[in-house]
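Below you'll find the structure, written out as C-alpha coordinates, and then a few comments.
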There are 2 protein chains.
Amino acid sequence: MSETAARPLRADAERSVRAILEAAERVLSKDPGASMEQIAAAAGVARTTIHRRFAHRQALIDALASSAARQLVEAVEDGRPDTAPPLVALHRITANVLEVKGAWAFALELPADPGSEAAALHEDIGRRCITVLERARADKLIDEAADLHWVRRVYYALLGESLRGSPDDTGIDTDTLAARVIDTLLHGAGPRT
Amino acid sequence: MSETAARPLRADAERSVRAILEAAERVLSKDPGASMEQIAAAAGVARTTIHRRFAHRQALIDALASSAARQLVEAVEDGRPDTAPPLVALHRITANVLEVKGAWAFALELPADPGSEAAALHEDIGRRCITVLERARADKLIDEAADLHWVRRVYYALLGESLRGSPDDTGIDTDTLAARVIDTLLHGAGPRT
DNA sequence: ATTAACTGCATCGGATCTGTTGCAGTTATG
DNA sequence: CATAACTGCAACAGATCCGATGCAGTTAAT
(Lines give C-alpha, C1' and ligand atoms only; values in the text may rest on other atoms or scores of the structure.)
Protein backbone atom coordinates (compact mmCIF):
# COMPACT_ATOMS: atom_id res chain seq x y z
CA MET A 1 0.00 0.00 0.00
CA SER A 2 2.94 2.25 -0.42
CA GLU A 3 4.39 2.39 -3.90
CA THR A 4 2.08 0.60 -6.29
CA ALA A 5 0.19 3.89 -6.11
CA ALA A 6 1.62 6.59 -8.46
CA ARG A 7 -0.64 6.66 -11.48
CA PRO A 8 0.25 4.48 -14.43
CA LEU A 9 3.57 5.10 -16.11
CA ARG A 10 3.71 5.43 -19.81
CA ALA A 11 4.24 2.05 -21.49
CA ASP A 12 7.57 3.49 -22.46
CA ALA A 13 8.72 4.29 -18.95
CA GLU A 14 7.51 1.00 -17.59
CA ARG A 15 9.92 -0.85 -19.85
CA SER A 16 12.73 1.34 -18.60
CA VAL A 17 11.93 0.52 -15.00
CA ARG A 18 11.96 -3.20 -15.71
CA ALA A 19 15.22 -2.89 -17.64
CA ILE A 20 16.76 -1.00 -14.74
CA LEU A 21 15.67 -3.55 -12.16
CA GLU A 22 16.95 -6.43 -14.25
CA ALA A 23 20.24 -4.67 -14.87
CA ALA A 24 20.58 -3.88 -11.18
CA GLU A 25 20.16 -7.53 -10.31
CA ARG A 26 22.69 -8.57 -12.92
CA VAL A 27 25.31 -5.99 -11.98
CA LEU A 28 24.89 -5.95 -8.22
CA SER A 29 24.98 -9.73 -7.96
CA LYS A 30 28.52 -9.57 -9.31
CA ASP A 31 29.55 -6.48 -7.37
CA PRO A 32 27.27 -5.24 -4.59
CA GLY A 33 29.13 -1.95 -4.54
CA ALA A 34 28.73 -1.21 -8.23
CA SER A 35 27.97 2.40 -9.17
CA MET A 36 24.72 3.72 -10.57
CA GLU A 37 26.63 4.44 -13.75
CA GLN A 38 27.42 0.75 -14.22
CA ILE A 39 23.83 -0.21 -13.62
CA ALA A 40 22.63 2.42 -16.06
CA ALA A 41 25.03 1.21 -18.71
CA ALA A 42 23.88 -2.39 -18.25
CA ALA A 43 20.29 -1.22 -18.59
CA GLY A 44 21.02 0.74 -21.72
CA VAL A 45 19.87 3.92 -20.04
CA ALA A 46 21.32 7.22 -18.87
CA ARG A 47 22.22 7.50 -15.22
CA THR A 48 19.84 10.40 -14.76
CA THR A 49 16.95 8.27 -15.88
CA ILE A 50 17.50 5.96 -12.94
CA HIS A 51 17.45 8.89 -10.56
CA ARG A 52 14.16 10.05 -12.02
CA ARG A 53 12.44 6.79 -11.04
CA PHE A 54 14.35 6.05 -7.89
CA ALA A 55 15.23 9.01 -5.73
CA HIS A 56 18.00 7.43 -3.68
CA ARG A 57 20.19 4.48 -4.40
CA GLN A 58 18.45 2.79 -1.50
CA ALA A 59 15.08 3.31 -3.17
CA LEU A 60 16.30 1.29 -6.12
CA ILE A 61 17.50 -1.47 -3.83
CA ASP A 62 14.18 -1.51 -2.00
CA ALA A 63 12.20 -1.68 -5.20
CA LEU A 64 14.43 -4.49 -6.37
CA ALA A 65 13.83 -6.42 -3.17
CA SER A 66 10.09 -5.89 -3.34
CA SER A 67 9.84 -6.90 -6.97
CA ALA A 68 11.76 -10.09 -6.40
CA ALA A 69 9.81 -10.92 -3.25
CA ARG A 70 6.54 -10.56 -5.13
CA GLN A 71 7.72 -12.99 -7.76
CA LEU A 72 8.72 -15.41 -5.06
CA VAL A 73 5.29 -15.24 -3.49
CA GLU A 74 3.81 -16.06 -6.85
CA ALA A 75 6.15 -19.02 -7.23
CA VAL A 76 4.99 -20.39 -3.90
CA GLU A 77 1.30 -19.77 -4.52
CA ASP A 78 1.52 -21.61 -7.79
CA GLY A 79 2.49 -24.75 -5.89
CA ARG A 80 -0.83 -24.81 -3.98
CA PRO A 81 0.79 -25.19 -0.59
CA ASP A 82 -2.55 -25.50 1.19
CA THR A 83 -4.36 -27.96 -1.02
CA ALA A 84 -2.04 -30.08 -3.15
CA PRO A 85 -0.64 -33.30 -1.66
CA PRO A 86 2.37 -32.28 0.42
CA LEU A 87 4.95 -34.05 -1.68
CA VAL A 88 3.54 -32.62 -4.87
CA ALA A 89 3.37 -29.14 -3.42
CA LEU A 90 6.91 -29.43 -2.11
CA HIS A 91 8.26 -30.46 -5.45
CA ARG A 92 6.41 -27.86 -7.41
CA ILE A 93 7.23 -25.06 -5.03
CA THR A 94 10.86 -26.07 -4.99
CA ALA A 95 11.13 -26.10 -8.75
CA ASN A 96 9.38 -22.75 -9.03
CA VAL A 97 11.45 -21.14 -6.33
CA LEU A 98 14.67 -22.42 -7.84
CA GLU A 99 13.74 -20.73 -11.05
CA VAL A 100 12.91 -17.40 -9.48
CA LYS A 101 15.76 -17.44 -7.02
CA GLY A 102 18.15 -18.25 -9.81
CA ALA A 103 17.19 -15.09 -11.64
CA TRP A 104 16.96 -12.81 -8.60
CA ALA A 105 19.60 -14.18 -6.27
CA PHE A 106 20.98 -10.84 -5.18
CA ALA A 107 17.62 -9.22 -4.60
CA LEU A 108 16.35 -12.14 -2.54
CA GLU A 109 19.38 -12.43 -0.30
CA LEU A 110 19.05 -8.77 0.54
CA PRO A 111 18.52 -8.19 4.27
CA ALA A 112 14.95 -6.88 4.29
CA ASP A 113 14.63 -4.39 7.10
CA PRO A 114 11.55 -4.75 9.29
CA GLY A 115 8.52 -2.86 8.08
CA SER A 116 9.39 -3.01 4.41
CA GLU A 117 7.10 -4.63 1.89
CA ALA A 118 9.74 -7.23 1.12
CA ALA A 119 9.97 -8.18 4.78
CA ALA A 120 6.22 -8.71 5.00
CA LEU A 121 6.24 -10.85 1.89
CA HIS A 122 9.08 -12.99 3.16
CA GLU A 123 7.28 -13.51 6.43
CA ASP A 124 4.23 -14.61 4.51
CA ILE A 125 6.32 -17.05 2.51
CA GLY A 126 7.86 -18.34 5.70
CA ARG A 127 4.43 -19.09 7.12
CA ARG A 128 3.30 -20.91 4.02
CA CYS A 129 6.48 -22.90 4.11
CA ILE A 130 5.78 -24.04 7.64
CA THR A 131 2.26 -24.97 6.56
CA VAL A 132 3.52 -27.30 3.85
CA LEU A 133 5.96 -28.88 6.24
CA GLU A 134 3.20 -29.47 8.78
CA ARG A 135 1.10 -31.15 6.18
CA ALA A 136 4.08 -33.24 5.16
CA ARG A 137 4.59 -34.23 8.75
CA ALA A 138 0.96 -35.23 9.05
CA ASP A 139 1.59 -37.55 6.10
CA LYS A 140 4.51 -39.18 7.89
CA LEU A 141 7.01 -37.73 5.46
CA ILE A 142 8.74 -35.89 8.28
CA ASP A 143 9.61 -37.19 11.71
CA GLU A 144 7.01 -36.33 14.33
CA ALA A 145 9.60 -34.96 16.70
CA ALA A 146 11.25 -32.75 14.11
CA ASP A 147 11.62 -29.03 14.75
CA LEU A 148 9.94 -27.56 11.70
CA HIS A 149 11.75 -24.26 12.06
CA TRP A 150 15.04 -26.06 11.76
CA VAL A 151 13.70 -28.08 8.85
CA ARG A 152 12.73 -24.87 7.12
CA ARG A 153 16.17 -23.41 7.63
CA VAL A 154 17.69 -26.56 6.18
CA TYR A 155 15.31 -26.32 3.26
CA TYR A 156 16.32 -22.73 2.60
CA ALA A 157 19.99 -23.64 2.84
CA LEU A 158 19.54 -26.49 0.37
CA LEU A 159 17.78 -24.18 -2.05
CA GLY A 160 20.59 -21.69 -1.77
CA GLU A 161 23.24 -24.32 -2.26
CA SER A 162 21.42 -25.82 -5.23
CA LEU A 163 21.59 -22.75 -7.39
CA ARG A 164 25.14 -22.00 -6.37
CA GLY A 165 25.82 -24.03 -9.50
CA SER A 166 28.96 -26.10 -9.14
CA PRO A 167 30.78 -26.96 -12.36
CA ASP A 168 29.10 -30.35 -12.16
CA ASP A 169 25.50 -29.30 -12.53
CA THR A 170 25.49 -26.82 -15.35
CA GLY A 171 22.54 -27.38 -17.57
CA ILE A 172 20.57 -29.58 -15.23
CA ASP A 173 16.87 -28.88 -15.45
CA THR A 174 15.04 -27.40 -12.53
CA ASP A 175 12.95 -30.48 -11.80
CA THR A 176 16.00 -32.65 -11.33
CA LEU A 177 17.52 -30.13 -8.96
CA ALA A 178 14.26 -29.90 -7.05
CA ALA A 179 14.10 -33.67 -6.72
CA ARG A 180 17.59 -33.74 -5.28
CA VAL A 181 16.80 -31.00 -2.80
CA ILE A 182 13.70 -32.73 -1.51
CA ASP A 183 15.34 -36.13 -1.39
CA THR A 184 18.21 -34.69 0.62
CA LEU A 185 15.86 -32.78 2.87
CA LEU A 186 13.86 -35.88 3.72
CA HIS A 187 16.53 -38.57 3.76
CA GLY A 188 19.91 -36.89 4.09
CA ALA A 189 22.99 -38.71 2.86
CA GLY A 190 22.55 -41.89 4.88
CA PRO A 191 21.93 -45.34 3.36
CA ARG A 192 18.44 -46.05 2.00
CA THR A 193 16.70 -48.89 3.77
CA MET B 1 55.74 -18.99 0.74
CA SER B 2 54.67 -15.49 -0.05
CA GLU B 3 54.03 -13.29 2.93
CA THR B 4 55.07 -15.09 6.08
CA ALA B 5 58.52 -13.89 5.00
CA ALA B 6 59.24 -10.26 6.08
CA ARG B 7 61.41 -10.47 9.16
CA PRO B 8 59.72 -10.51 12.54
CA LEU B 9 57.60 -7.56 13.50
CA ARG B 10 58.10 -5.96 16.82
CA ALA B 11 55.87 -7.56 19.46
CA ASP B 12 54.18 -4.24 19.50
CA ALA B 13 53.33 -4.16 15.81
CA GLU B 14 52.21 -7.74 15.80
CA ARG B 15 49.45 -6.90 18.26
CA SER B 16 48.34 -4.07 16.01
CA VAL B 17 48.11 -6.36 13.03
CA ARG B 18 45.97 -8.82 14.96
CA ALA B 19 43.76 -6.02 16.26
CA ILE B 20 43.31 -4.72 12.73
CA LEU B 21 42.40 -8.11 11.32
CA GLU B 22 39.90 -8.76 14.09
CA ALA B 23 38.39 -5.33 13.69
CA ALA B 24 38.17 -5.79 9.94
CA GLU B 25 36.26 -9.03 10.41
CA ARG B 26 33.91 -7.40 12.88
CA VAL B 27 33.24 -4.28 10.84
CA LEU B 28 33.16 -5.79 7.36
CA SER B 29 30.83 -8.59 8.38
CA LYS B 30 28.24 -5.95 9.17
CA ASP B 31 29.04 -3.73 6.19
CA PRO B 32 31.27 -5.11 3.45
CA GLY B 33 31.70 -1.61 2.08
CA ALA B 34 32.89 -0.03 5.31
CA SER B 35 35.73 2.47 5.07
CA MET B 36 39.26 2.01 6.32
CA GLU B 37 38.52 4.74 8.83
CA GLN B 38 35.76 2.66 10.41
CA ILE B 39 38.00 -0.36 10.60
CA ALA B 40 40.79 1.68 12.11
CA ALA B 41 38.45 3.11 14.72
CA ALA B 42 37.20 -0.35 15.64
CA ALA B 43 40.80 -1.50 16.00
CA GLY B 44 41.73 1.45 18.18
CA VAL B 45 44.31 2.52 15.65
CA ALA B 46 44.95 5.40 13.28
CA ARG B 47 43.99 4.92 9.67
CA THR B 48 47.55 5.50 8.53
CA THR B 49 48.74 2.59 10.63
CA ILE B 50 46.61 0.24 8.60
CA HIS B 51 48.12 1.57 5.41
CA ARG B 52 51.59 0.96 6.77
CA ARG B 53 50.93 -2.76 7.17
CA PHE B 54 48.62 -3.28 4.24
CA ALA B 55 49.43 -1.35 1.11
CA HIS B 56 46.05 -1.56 -0.60
CA ARG B 57 42.64 -2.20 0.81
CA GLN B 58 42.72 -5.44 -1.11
CA ALA B 59 45.92 -6.47 0.67
CA LEU B 60 44.07 -6.24 3.96
CA ILE B 61 41.23 -8.33 2.61
CA ASP B 62 43.65 -10.94 1.31
CA ALA B 63 45.50 -11.14 4.59
CA LEU B 64 42.18 -11.48 6.37
CA ALA B 65 41.16 -14.36 4.12
CA SER B 66 44.50 -16.11 4.53
CA SER B 67 44.51 -15.75 8.28
CA ALA B 68 41.04 -17.18 8.59
CA ALA B 69 41.75 -20.00 6.18
CA ARG B 70 44.79 -21.01 8.18
CA GLN B 71 42.72 -21.21 11.32
CA LEU B 72 40.19 -23.31 9.49
CA VAL B 73 42.85 -25.75 8.37
CA GLU B 74 43.93 -26.08 11.96
CA ALA B 75 40.35 -26.74 13.03
CA VAL B 76 40.09 -29.57 10.52
CA GLU B 77 43.48 -31.06 11.32
CA ASP B 78 42.58 -31.18 14.97
CA GLY B 79 39.73 -33.56 14.14
CA ARG B 80 42.16 -36.19 12.75
CA PRO B 81 40.24 -36.65 9.52
CA ASP B 82 42.53 -39.47 8.36
CA THR B 83 42.77 -41.58 11.45
CA ALA B 84 39.90 -41.06 13.89
CA PRO B 85 36.71 -43.11 13.41
CA PRO B 86 34.65 -41.27 10.76
CA LEU B 87 31.79 -40.36 13.03
CA VAL B 88 34.14 -39.08 15.71
CA ALA B 89 36.16 -37.09 13.20
CA LEU B 90 33.02 -35.67 11.66
CA HIS B 91 31.69 -34.49 14.97
CA ARG B 92 34.94 -33.02 16.14
CA ILE B 93 35.67 -31.29 12.88
CA THR B 94 32.17 -29.90 12.76
CA ALA B 95 32.37 -28.50 16.27
CA ASN B 96 35.77 -26.97 15.60
CA VAL B 97 34.76 -25.48 12.30
CA LEU B 98 31.60 -24.02 13.77
CA GLU B 99 33.70 -22.23 16.31
CA VAL B 100 36.16 -20.81 13.80
CA LYS B 101 33.58 -20.00 11.20
CA GLY B 102 31.49 -18.22 13.80
CA ALA B 103 34.34 -15.87 14.55
CA TRP B 104 35.52 -15.36 10.95
CA ALA B 105 32.33 -15.61 8.94
CA PHE B 106 33.08 -12.71 6.64
CA ALA B 107 36.66 -13.69 5.94
CA LEU B 108 35.71 -17.27 5.15
CA GLU B 109 32.87 -16.46 2.81
CA LEU B 110 35.17 -14.26 0.81
CA PRO B 111 35.52 -15.42 -2.80
CA ALA B 112 39.15 -16.56 -2.85
CA ASP B 113 40.56 -15.87 -6.27
CA PRO B 114 42.57 -18.68 -7.83
CA GLY B 115 46.24 -18.66 -6.98
CA SER B 116 45.89 -17.00 -3.60
CA GLU B 117 47.05 -18.70 -0.45
CA ALA B 118 43.49 -18.80 0.84
CA ALA B 119 42.33 -20.60 -2.28
CA ALA B 120 44.99 -23.26 -1.87
CA LEU B 121 44.06 -23.78 1.76
CA HIS B 122 40.40 -24.10 0.95
CA GLU B 123 41.15 -26.64 -1.71
CA ASP B 124 43.15 -28.59 0.79
CA ILE B 125 40.28 -28.48 3.24
CA GLY B 126 37.91 -29.59 0.53
CA ARG B 127 40.06 -32.64 -0.17
CA ARG B 128 40.23 -33.58 3.48
CA CYS B 129 36.50 -33.21 3.69
CA ILE B 130 36.01 -35.66 0.86
CA THR B 131 38.38 -38.05 2.59
CA VAL B 132 36.30 -38.10 5.75
CA LEU B 133 33.15 -38.62 3.77
CA GLU B 134 34.72 -41.54 1.90
CA ARG B 135 35.70 -43.12 5.16
CA ALA B 136 32.19 -42.58 6.46
CA ARG B 137 30.79 -44.20 3.37
CA ALA B 138 33.07 -47.18 3.85
CA ASP B 139 31.55 -47.52 7.31
CA LYS B 140 28.04 -47.60 5.84
CA LEU B 141 27.17 -44.24 7.35
CA ILE B 142 26.56 -42.82 3.90
CA ASP B 143 24.71 -44.40 1.02
CA GLU B 144 26.99 -46.19 -1.41
CA ALA B 145 25.46 -44.45 -4.40
CA ALA B 146 25.73 -40.98 -2.90
CA ASP B 147 27.56 -38.25 -4.79
CA LEU B 148 30.11 -37.14 -2.24
CA HIS B 149 30.57 -33.76 -3.88
CA TRP B 150 26.92 -33.02 -3.37
CA VAL B 151 27.13 -34.34 0.17
CA ARG B 152 29.99 -31.98 0.83
CA ARG B 153 28.06 -29.05 -0.54
CA VAL B 154 25.15 -29.96 1.69
CA TYR B 155 27.52 -30.22 4.63
CA TYR B 156 28.93 -26.76 3.92
CA ALA B 157 25.42 -25.36 3.59
CA LEU B 158 24.37 -26.88 6.89
CA LEU B 159 27.41 -25.41 8.60
CA GLY B 160 26.62 -22.02 7.18
CA GLU B 161 23.00 -22.22 8.21
CA SER B 162 23.90 -23.39 11.70
CA LEU B 163 25.83 -20.33 12.67
CA ARG B 164 23.33 -18.03 11.04
CA GLY B 165 21.94 -18.06 14.57
CA SER B 166 18.17 -17.82 14.58
CA PRO B 167 16.58 -16.29 17.68
CA ASP B 168 15.90 -19.86 18.82
CA ASP B 169 19.42 -21.09 19.25
CA THR B 170 21.24 -18.33 21.04
CA GLY B 171 23.51 -19.73 23.63
CA ILE B 172 23.51 -23.30 22.41
CA ASP B 173 26.89 -24.90 22.80
CA THR B 174 28.89 -25.87 19.77
CA ASP B 175 28.67 -29.61 20.38
CA THR B 176 24.89 -29.56 20.31
CA LEU B 177 24.89 -27.61 17.07
CA ALA B 178 27.42 -30.01 15.59
CA ALA B 179 25.28 -32.99 16.56
CA ARG B 180 22.29 -31.45 14.84
CA VAL B 181 24.27 -30.74 11.68
CA ILE B 182 25.56 -34.28 11.41
CA ASP B 183 22.22 -35.83 12.25
CA THR B 184 20.56 -33.76 9.57
CA LEU B 185 23.31 -34.51 7.08
CA LEU B 186 22.99 -38.24 7.56
CA HIS B 187 19.25 -38.65 8.12
CA GLY B 188 17.52 -35.53 6.87
CA ALA B 189 14.13 -34.63 8.28
CA GLY B 190 12.38 -37.91 7.51
CA PRO B 191 11.01 -40.30 10.16
CA ARG B 192 13.54 -42.43 12.05
CA THR B 193 13.06 -46.11 11.57
C1' DA C 1 70.96 3.63 27.22
C1' DT C 2 71.12 3.97 22.64
C1' DT C 3 69.07 2.72 18.56
C1' DA C 4 65.60 1.49 15.55
C1' DA C 5 60.90 0.45 15.06
C1' DC C 6 56.45 1.87 15.65
C1' DT C 7 52.52 5.08 16.10
C1' DG C 8 49.40 9.28 15.98
C1' DC C 9 48.35 13.50 13.83
C1' DA C 10 47.77 16.71 10.30
C1' DT C 11 47.55 17.37 5.64
C1' DC C 12 47.76 16.69 0.79
C1' DG C 13 46.15 15.46 -4.15
C1' DG C 14 43.43 12.73 -6.79
C1' DA C 15 39.80 9.95 -7.79
C1' DT C 16 35.04 8.47 -7.64
C1' DC C 17 30.31 8.60 -6.59
C1' DT C 18 25.88 10.74 -5.64
C1' DG C 19 22.02 13.60 -6.49
C1' DT C 20 20.30 17.72 -9.03
C1' DT C 21 19.13 20.87 -12.73
C1' DG C 22 18.29 22.83 -17.36
C1' DC C 23 17.53 22.09 -22.05
C1' DA C 24 16.63 20.03 -26.36
C1' DG C 25 14.87 16.17 -28.77
C1' DT C 26 11.92 11.96 -29.03
C1' DT C 27 7.87 9.09 -28.18
C1' DA C 28 3.46 7.57 -26.46
C1' DT C 29 -1.36 8.75 -25.90
C1' DG C 30 -6.00 10.86 -26.21
C1' DC D 1 -2.16 16.23 -34.15
C1' DA D 2 -1.32 18.42 -30.05
C1' DT D 3 -0.03 17.78 -25.56
C1' DA D 4 2.34 15.82 -22.00
C1' DA D 5 5.42 12.39 -20.67
C1' DC D 6 9.73 10.60 -21.22
C1' DT D 7 14.76 10.50 -22.29
C1' DG D 8 19.76 11.73 -23.18
C1' DC D 9 23.37 14.95 -22.53
C1' DA D 10 26.16 18.12 -20.06
C1' DA D 11 27.48 20.20 -16.22
C1' DC D 12 27.31 21.18 -11.34
C1' DA D 13 28.26 21.05 -6.10
C1' DG D 14 29.00 18.24 -2.27
C1' DA D 15 30.58 14.43 -0.08
C1' DT D 16 33.60 10.56 0.73
C1' DC D 17 37.28 7.79 0.34
C1' DC D 18 41.97 6.25 -0.73
C1' DG D 19 46.85 6.26 -0.54
C1' DA D 20 50.96 8.97 0.57
C1' DT D 21 54.13 11.89 3.32
C1' DG D 22 56.54 14.41 6.96
C1' DC D 23 57.20 15.06 11.71
C1' DA D 24 57.20 14.51 16.52
C1' DG D 25 56.58 11.46 20.34
C1' DT D 26 56.46 6.76 22.33
C1' DT D 27 57.83 2.01 22.83
C1' DA D 28 60.27 -2.28 22.27
C1' DA D 29 64.80 -4.48 21.69
C1' DT D 30 70.02 -5.31 22.14
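Quantities reported herein were computed from a predicted structural model and do not represent experimental measurements. In what follows, chains are A, B, ... by sequence order, proteins preceding strands, each numbered from 1.
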Please state how far atom [atom1] in [X] lies from atom [atom2] in [N], giving the value in whole angstrom units.
X       : N      : atom1 : atom2 : answer
A/Gln38 : C/dC17 : CD    : P     : 7 Å
B/Leu9  : D/dT27 : CG    : P     : 19 Å
B/Ile39 : D/dC17 : CD1   : P     : 11 Å
B/Glu37 : D/dG19 : CD    : P     : 13 Å
B/Leu60 : D/dC17 : CG    : C1'   : 15 Å
A/Gln58 : C/dC17 : CD    : C1'   : 16 Å
B/His56 : C/dA15 : NE2   : P     : 17 Å
A/Glu14 : D/dA5  : CD    : P     : 16 Å

_Most 5' of A/Ala46 and B/Ala34 on DNA chain D, judged by nearest nucleotide_ = A/Ala46

*For DNA chain D, whose closest nucleotide is more 5', that of B/Ala55 or that of B/Ala11?*
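It is B/Ala55 whose nearest nucleotide is closer to the 5' end.
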
*With rounding to the nearest 0.5 Å, note down the distance linking CZ in B/Arg152 to CG in B/Leu133.*
8.5 Å

_Please report the interatomic distance CD(B/Glu14) to CZ(B/Arg53), rounded to the nearest 0.5 Å._
10.0 Å

From [options], pick the nucleotide closest to the side chain of [X]?
X       : options                : value
B/Arg47 : D/dA28, D/dA20, C/dG19 : D/dA20
B/Asp12 : C/dT18, C/dT7, D/dT7   : C/dT7
B/Arg53 : D/dA28, D/dC6, C/dT7   : C/dT7
B/Thr48 : C/dG19, D/dC9, D/dA20  : D/dA20

*Please check if atom CD in A/Gln58 has more than 12 non-hydrogen atoms from other residues, nucleotides or ligands closer than 6.0 Å.*
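Correct, the count exceeds 12.
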
_A/Glu134, CD atom: more than 12 neighbouring heavy atoms under 6.0 Å_ = yes

*Give a yes or no answer on whether the side chain of B/Arg92 reaches the backbone of B/Ala84 with a donor-acceptor pair at less than 3.5 Å.*
no

*Donor-acceptor under 3.5 Å (B/Arg153 side chain, A/Arg164 main chain)*: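 Not at all, since once roles are kept as given, no pair shorter than 3.5 Å links the two residues.
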
Report yes if a side-chain nitrogen or oxygen of [X] is closer than 4.0 Å to either non-bridging phosphate oxygen (OP1 or OP2) of [N]; otherwise report no.
X       : N      : result
A/Thr49 : D/dG8  : yes
A/Arg10 : D/dC6  : no
B/Ser16 : C/dT7  : yes
B/His51 : D/dG19 : yes
B/Arg52 : C/dG8  : no

*Counting any heavy atom closer than 4.0 Å, what does B/Arg57 reach on the DNA or RNA strands: base, sugar-phosphate only, or nothing?*
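The answer is sugar-phosphate, as B/Arg57 gets under 4.0 Å only of primed atoms, P, OP1 or OP2.
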
*A/Gly44 near the nucleic acid: base, sugar-phosphate alone, or nothing, with a heavy-atom cut-off under 4.0 Å?*
sugar-phosphate

